[in-house]
Amino acid sequence: MPKMIVSIDGVVIKEVQLTKDRTTLGRRPYNDIVIDNLAVSGEHAVVQMTGGQVYLEDLNSTNGTYVNGKAIKKQLLQDGDSVEVGKYKIKFVSDVLGESYEKTMMVKAGASGLAPSAAPTSLTPPASAGFAAQASAEPPGAAIKVLSGAAAGREVPLTKVVTTIGKPGVAVAAITRRQRGFVVHHVEGAGNPTLNGAPVGAEQVALKNGDLIELAGTQMQFVQA
């Protein structure tokens, strides 16, 4: 089944299987693929499946829709095509057989704090994106424990290569599982996360047991077995 994999700065944040003849993409919450970013129009583009072929059509968006770096109005998508909408990249996968996917849990910011949401599916990031592939020597098990907000007391196991926390368009950080441990870095948003009170930028910072992370006003603790 074909699917669209949404990422920003090499970090996968959403995956949508194309199960309908018409799949809409835009900033408004009623779209099938919602990208909450001001660079994305309310009704930005539509993906149409016709006779086994998948077409992408721009809906007169303000900033345009690009496929493999070229602005398009309507185009037939091929397996592996890269769709660009604002800062986001959307990979089109026509057949998932043979692809390597991993589940990752997302913690999203809400009015009352951060709470685990339904788990999107995440690609294992390539080595060129700055992430290390899983090796035979795995680091000890770990989790993120939410200390404040509505989800206080909830633990999110860090069992996958990349676990994304935050809300796209507001504040997003990524915790990456490395061969010798875990690292955290800022992905997007105006508010940088903090680690034990110190701001965390785009450069990866190693985590150790008991470290305190704060993101979008919610406190979390890194707990390692």
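For this chain, numbers begin at 1 and follow the sequence in order. The analysis underlying the following values was restricted to heavy atoms, covering all of them including side chains, and did not include hydrogens, waters or symmetry mates. The model shown is predicted, which means the values in this text are computed figures rather than measured ones.
Pairing each heavy atom of V200 with each of T194, the nearest pair is CG2-C, 4.2 Å. A pairwise comparison of heavy atoms in P193 and A173 identifies CG-CB, 4.0 Å as the closest pair. Smallest separation of non-hydrogen atoms from V223 and N209: CA-OD1, 3.5 Å. Nearest heavy-atom pair, I165 versus L215, reported as atom, atom and distance to 0.1 Å: O-CD2, 3.6 Å. Scanning all heavy atoms of the two residues, the minimum distance from A143 to E155 falls at CB-OE1, 4.0 Å. K89 and S82 get closest at one heavy-atom pair: CD-OG, 4.2 Å.
Atom CZ of F92 is separated from atom CD1 of I5 by 10.5 Å, given to the nearest 0.5 angstrom. Note: R154 CZ to L147 CG = 14.0 Å, rounded to the nearest 0.5 Å. Taking NZ from K14 and OG from S7, the interatomic distance works out to 12.0 Å, rounded to the nearest 0.5 Å. Rounding to the nearest 0.5 angstrom, the gap separating the CG atom in L56 from the OG1 atom in T65 is 6.0 Å. The OG1 atom of T24 sits 8.0 Å away from atom OH of Y30, with the distance rounded to the nearest 0.5 Å. Between the OH atom of Y88 and the NE2 atom of H44 there is a distance of 13.0 Å, given to the nearest 0.5 Å.
Between I175 and the options V183, V156, L207, a side-chain contact (heavy atoms from CB on, under 4.5 Å) holds for only L207. Of the candidates M4, K3, E15, K3 is the only one forming a side-chain contact (heavy atoms from CB on, under 4.5 Å) with V93.
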Next item on the list: Take L25 and V47 through the test side chain to side chain contact (heavy atoms under 4.5 Å, CB included) and record every step on the way to the result.
Entry: CA-CA 8 Å; L25 183 156; V47 180; 5.7 Å; no
Next item on the list: Mind running side chain to side chain contact (heavy atoms under 4.5 Å, CB included) on N196 and K208 for me, showing each step along the way?
Entry: CA-CA 11 Å; N196 300 323; K208 63 181 182 297; 4.0 Å; yes
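Cluster annotation: V46 and V16 are assigned to distinct hydrophobic clusters (Ile/Leu/Val/Met/Phe/Trp/Tyr, side-chain heavy-atom contacts under 4.5 Å, transitive). One hydrophobic cluster, built from ILVMFWY side chains closer than 4.5 Å, holds both V187 and V6.
A donor atom on one side chain and an acceptor atom on the other are not found under 3.5 Å apart for Q75 and Y66. A donor and an acceptor atom, one from each side chain of Q53 and Y55, are located under 3.5 Å apart.
With sequence neighbours excluded, no residue forms a side-chain hydrogen bond (donor to acceptor under 3.5 Å, both in side chains) with N63.
Atom NZ of K87 sits in a sparse spot, with 12 or fewer heavy atoms from other residues, nucleotides or ligands closer than 6.0 Å.
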